[in-house]
Student: 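Quick one: the structure is below, questions incoming.
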Amino acid sequence: MKLRAPHLAAVLALLLLAGSGLFNAGCKSTTEVIQADASGDTGNADTSNDTVIGTQYTLILDQQDRKMVGLSEDFLKVQYLEDGVPKDGVDIVYTLDTADSSVAVLQVTEATTANNGFAQVKISVGSGPATFTVTVQDKAKLAAPKKFTIEIVPKEQAELTVKLEYDGVRNNAQLAEVQVVEVYIYKKGGEYTTCDKFDFATATAKKLKSVPSQPLIQSPIPDAAFAGFQQADYGEYLVFGVGKNADGYVLAQGCLDTGAAVGTQPVVVTLVLGDVLPNYVGKYNMSLELDLLSALKTVNKTAYDVVDTIITLFSDPTGAVLKLTCKIDNDTLDSVCDALYDCADAVQPDKMVDCQQLTDTVWTSVGSQFLNALIGNLIGRNPLLSSIVNVGAAISEMIKGIKMNGVLEITQQPTPMTDKLQFPDGSINVSFTGISYKWYVETTTVCTQASDCPQSQGYFCLEKTGDNVCAQIQEGTINSSLISGSPFIAGMFKAYVKDLYDFYLEEGPVNLNYGTIINAILEKVVLKQFAGVDSYENFIKELLGGSGCSSNPQVDCCEEASKKLLADSDLQSLASVIKAACNTLIGVGGKYLRDQLNGLTLSSASDAGCGAGLCLSSPTGVPCKLFDTYGNKTDNEIDYFGEKSNPCLLNATIKVENGSTTVPFDVRFTAVRQGIE
């Protein structure tokens with residue numbers, strides 16, 4: 001009998017029930033339920049005739065093989081299914097097969113599936129090229145793991161990298177002052193197409209790369225990178241950079257006008273930074289302090305004796321007047337001199353060299369008393385003079401410590417050489433405009449150390465034979481208009497700089513009216529300050545005729561001298577001789593003193609190069625230190641040559657005309673940029 005379909009289904013159901021319970025006692029089922037493990041492996045059982053029964057777990061990648069452009073980001077997406085149905089709340093683990101963060105970095109390593117069964121993790125890749133994999137698997141390991149295979153392809157991009165180098169003369173300490181390096185680029189086609197005459201200060205930059213707190217001394221100097229160009233930015237650029245100090249002043253700079261062509265491929269260029277030299281150009285008020293008196297003693301004994309005579313007029317007026325009388329070649333004065341000195345001309349023509357003993361005559365002792373009283377009277381009516389215990393020494397110090405004041409002008413910046421910065425010929429000029437001098441005024445206050453004196457007023461403790469006393473330095477000036485003859489101008493010097501701030505003056509001559517300067521100091525300053533007169537003639541009149549006679553036209557100084565000299569003696573017959581000698585001494589004595597000094601000229605440079613005249617130079621290996629410290633900041637502009645407390649030293653040699661002796665001596669030198677003080 002045939003079974004209809006419904007009846008067949010019922011029979012099958014009955015058989016299944018029998019197999020599962022009613023008929024399983026002592027019997028094994030001929031059918032097994034096979035469950036796959038998380039790897040999908042079913043073991044070693046022979047399942048060729050089996051039927052798979054149970055839950056299926058599956059991972060599906062959105063894109064298993066992919067390419068990423070260098071320096072980009074993307075999401076790695078995976079879907080989790082159970083029996084083909086998306087499952088939410090499942091933890092998925094991502095594992096990167098490289099530990100090199102420059103290749104790739106996962107934002108996180110786990111993600112949980114959403115309602116649609118998807119989970120995702122962001123990945124960032126380096127510039128490439130590189131290939132790597134990322135394995136994904138559910139945390140319970142129910143589904144088979146899957147792998148993303150990712151290839152990094154370097155992107156084509158417009159990128160400009162500027163490498164920096166330094167080529168200059170700054171030492172390490174000076175390089176450390178360059179605290180910030182800034183690099184700019186300027187697209188050609190505007191105002192500038194080359195670095196020639198490029199204006200660093202005003203050029204408009206497309207972009208700026210600043211490297212703060214990175215001294216130029218750092219090695220290597222950090223690169224400056226420019227990116228983010230659009231196609232419209234493609235083209236050729238000027239590259240320029242500046243190195244600044246902490247106050248923002250530029251100390252180094254450089255410019256490059258070739259090779260920086262921005263396009264689709266990265267470009268690397270090298271920019272060399274050189275020194276922005278300190279600004280040396282300008283006018284500086286300068287002062288040369290030199291000892292003219294000590295040098296004079298060696299180069300010209302006759303001129304030195306003249307100076308010594310003038311100085312002695314204050315400290316020993318009698319001896320000085322008599323010495324002057326016998327020094328001048330004049331018949332009238334010779335007769336007086338013969339009466340004073342017991343020396344024959346034939347034996348000793350220069351009576352004042354070895355023949356110092358005055359003859360024992362009545363009128364020499366009277367004259368001595370008279371002249372000494374006269375100088376005492378001068379001192380008495382001159383408060384300044386009366387305060388100086390040792391007038392001669394004070395005047396000597398004035399001449400030894402004079403300062404030649406003038407202007408040092410630098411017209412061009414120096415040119416870098418192999419080991420120095422050389423100033424161009426003719427770019428350094430020195431001219432002198434006047435002289436300053438100083439003397440000390442003593443007090444009666446005894447001291448043992450400086451603190452015993454009122455230092456706030458410039459007093460110091462002056463060492464003397466006997467008790468030291470407090471003294472004060474006073475200063476004055478004499479204008480060059482009071483110095484007869486041509487202006488004393490030093491002309492042009494040669495010089496160079498090392499390490500930016502070590503200035504060396506090369507040997508050069510100074511056109512110096514040597515004797516004229518000394519004469520001006522003595523006649524226009526010393527006599528005025530200490531005797532109240534303005535000429536040698538008037539000074540001799542005052543010495544011989546009495547205080548005030550030189551300024552009173554109604555008084556004949558020599559008549560007064562004759563009267564006073566002979567008032568208490570029996571030598572009235574000598575009145576006419578004395579008066580004649582007095583008038584002669586006044587007439588020729590002042591001229592003699594003046595001519596001896598004004599006639600003292602330096603030998604010309606043509607005599608022996610800089611071995612002639614007055615020559616100045618820096619001592620070997622001893623530079624004049626330059627300073628850029630005005631206002632406690634560095635603006636890269638020279639402010640000072642030397643310091644007041646530590647002036648620069650110069651070697652000096654001096655030689656007078658028709659002289660055979662060249663005398664070396666030291667000169668102190670300072671200069672301050674005009675406008676500072």
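Every heavy atom of this structure was used, including side-chain atoms; hydrogens, water molecules and symmetry mates were not. Index from 1, following the sequence.
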Student: Apply the test side-chain contact (heavy atoms from CB on, under 4.5 Å) to residues Asn651 and Asp666: give CA-CA distance (whole Å), side-chain angles for both, the deciding distance (0.1 Å), then the verdict.
Tutor: CA-CA 5 Å; Asn651 282 340; Asp666 291 333; 4.0 Å; yes
Student: Hey, does Pro278 have a side-chain heavy atom less than 4.5 Å from the side chain of Glu637?
Tutor: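 No, too far: nothing below the 4.5 Å cut-off.
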Student: Side-chain contact, heavy-atom cut-off 4.5 Å: Glu542 with Val533?
Tutor: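 Yes, side chains in contact.
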Student: Just do the side-chain contact (heavy atoms from CB on, under 4.5 Å) check on Asn519 and Tyr536 with the steps written out, would you?
Tutor: CA-CA 10 Å; Asn519 181 73; Tyr536 299 125; 2.7 Å; yes
Student: List in chain and number order the residues that pass ring-ring contact (aromatic ring centres under 6.0 Å, His included) with Tyr496, two or more places apart in sequence or in another chain; answer none if no residue qualifies.
Tutor: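 For Tyr496 the ring-ring contact (aromatic ring centres under 6.0 Å, His included) partners, ignoring immediate neighbours, are Tyr504.
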Student: Using ring-ring contact (aromatic ring centres under 6.0 Å, His included) as the criterion, list what pairs up with Tyr284, not counting sequence neighbours.
Tutor: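 Scan of Tyr284 (ring-ring contact (aromatic ring centres under 6.0 Å, His included), adjacent residues dropped) gives Phe641.
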Student: Look up atom CG in Asp534 and atom CZ in Phe539, then write down how far apart they are to the nearest 0.5 Å.
Tutor: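 Taking CG in Asp534 and CZ in Phe539, the distance rounds to 12.5 Å.
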Student: Within the side chain of Asp639, is there an N or O that forms a donor-acceptor pair under 3.5 Å with the backbone of Thr629?
Tutor: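 At least one qualifying donor-acceptor pair exists.
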Student: For residues 580-592, which residue pairs pass the salt bridge (Lys or Arg N to Asp or Glu O under 4.0 Å) check, not counting sequence neighbours?
Tutor: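 Qualifying pairs, neighbours excluded: Lys591-Asp595.
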Student: Tell me if a side-chain donor or acceptor on Ser618 pairs with a main-chain N or O of Leu505 at a distance below 3.5 Å.
Tutor: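 At least one qualifying donor-acceptor pair exists.
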Student: State which residues pass side chain to side chain contact (heavy atoms under 4.5 Å, CB included) with Val555; sequence neighbours excluded, sorted by chain then number.
Tutor: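 Side chain to side chain contact (heavy atoms under 4.5 Å, CB included) list for Val555, sorted by chain: Cys549, Asn552, Glu560.
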Student: Applying salt bridge (Lys or Arg N to Asp or Glu O under 4.0 Å), can you list everything that pairs with Arg170, at least two apart in sequence or on another chain?
Tutor: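 If we apply the salt bridge (Lys or Arg N to Asp or Glu O under 4.0 Å) test to Arg170, skipping adjacent residues, the hits are Asp275.
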Student: Can Asn285 and Gln674 be said to form a side chain to side chain donor-acceptor pair (under 3.5 Å), step by step?
Tutor: CA-CA 6 Å; Asn285 294 327; Gln674 289 186 355; 3.1 Å; yes
Student: Determine if the SG-SG distance between Cys557 and Cys582 falls under 2.5 Å.
Tutor: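 The sulfur gammas are not closer than 2.5 Å, so no.
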Student: Taking Asp247 for its side chain and Tyr249 for its backbone only, find out whether a donor-acceptor pair lies under 3.5 Å.
Tutor: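 No; zero donor-acceptor contacts below 3.5 Å.
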Student: Shortest non-hydrogen contact from Ile586 to Glu537?
Tutor: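 Smallest interatomic distance, heavy atoms only, reads O-CG, 3.4 Å.
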Student: To the nearest 0.5 Å, how far apart are CD in Glu177 and CG in Asn636?
Tutor: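 It is 9.0 Å, given to the nearest 0.5 Å.
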Student: Roughly how far, to the nearest 0.5 Å, is CG of Asn171 from CG of Asp499?
Tutor: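 Atom-to-atom, Asp499:CG and Asn171:CG are 5.0 Å apart.
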Student: Got a donor-acceptor contact below 3.5 angstrom from the Arg673 side chain to the Tyr640 backbone?
Tutor: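 No: the side chain of Arg673 does not pair with the backbone of Tyr640.
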Student: Drop me the distance from Asn405's CG to Ser431's OG, to the nearest 0.5 angstrom.
Tutor: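 Atom-to-atom, Asn405:CG and Ser431:OG are 11.5 Å apart.
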Student: Quick one: does any side-chain atom of Gln422 pair with a main-chain N or O of Ala495 as donor and acceptor, under 3.5 Å?
Tutor: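 Between the backbone of Ala495 and the side chain of Gln422 there is a qualifying donor-acceptor contact (under 3.5 Å).
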Student: Less than 4.0 angstrom from a charged side-chain N to a carboxylate O is my criterion; do Asp502 and Lys420 meet it?
Tutor: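 Salt bridge: no.
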Student: Would you mind reporting whether Thr445 and Val469 have side-chain heavy atoms less than 4.5 Å apart?
Tutor: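 No - every pair of side-chain heavy atoms lies 4.5 Å or more apart.
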Student: Could you check Gln174 against Leu500 for side-chain contact (heavy atoms from CB on, under 4.5 Å), going step by step and ending with a plain yes or no?
Tutor: CA-CA 9 Å; Gln174 294 162 353; Leu500 299 182; 3.9 Å; yes
Student: Do Val281 and Ile638 have side chains that approach each other closer than 4.5 Å (heavy atoms only, starting at C-beta)?
Tutor: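 Sidechains of Ile638 and Val281: no contact.
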Student: To the nearest 0.5 Å, tell me how far Asn429 CG sits from Leu408 CG.
Tutor: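 CG of Leu408 is found 8.5 Å from CG of Asn429.
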Student: Under the rule for ring-ring contact (aromatic ring centres under 6.0 Å, His included), what residues qualify as partners of Phe423, not counting sequence neighbours?
Tutor: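 Only Tyr280 meet the ring-ring contact (aromatic ring centres under 6.0 Å, His included) criterion with Phe423.
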Student: Given side chains that start at C-beta, do those of Tyr630 and Asp635 come closer than 4.5 Å, heavy atoms only?
Tutor: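 The answer is no; the side chains never approach within 4.5 Å.
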Student: Taking Glu289 first and then Arg668, would you say they form a salt bridge - that is, a charged N and a carboxylate O separated by under 4.0 Å?
Tutor: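 Salt bridge between Glu289 and Arg668, a charged N being under 4.0 Å from a carboxylate O: yes.
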Student: State, to 0.1 Å, how close Ile328 and Tyr592 come at their nearest heavy-atom pair, and which atoms those are.
Tutor: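 The answer is CG1-CG, 3.8 Å.
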Student: Tell me if the SG of Cys447 lies under 2.5 Å from the SG of Cys470.
Tutor: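 The sulfur gammas are not closer than 2.5 Å, so no.
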Student: Using the rule given for side-chain contact (heavy atoms from CB on, under 4.5 Å), can you reason through Met286 versus Val430, listing the C-alpha separation, both sets of side-chain angles and the distance that settles it, and then say yes or no?
Tutor: CA-CA 9 Å; Met286 63 170 295; Val430 177; 3.4 Å; yes
Student: Does the Cys453 SG fall under 2.5 Å from that of Cys461?
Tutor: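 Disulfide absent: SG-SG distance not under 2.5 Å.
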Student: Would you compute the distance between atom SG of Cys624 and atom CG of Leu650 and round it to the nearest 0.5 angstrom?
Tutor: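 The SG atom of Cys624 sits 7.0 Å away from the CG atom of Leu650.
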Student: Between Pro454 and Tyr459, is any pair of side-chain heavy atoms under 4.5 Å apart?
Tutor: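 They are in side-chain contact.
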Student: Between Gln449 and Ser451, do the side chains contain an N or O donor and an N or O acceptor separated by less than 3.5 Å?
Tutor: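 The answer is yes; a qualifying pair exists.
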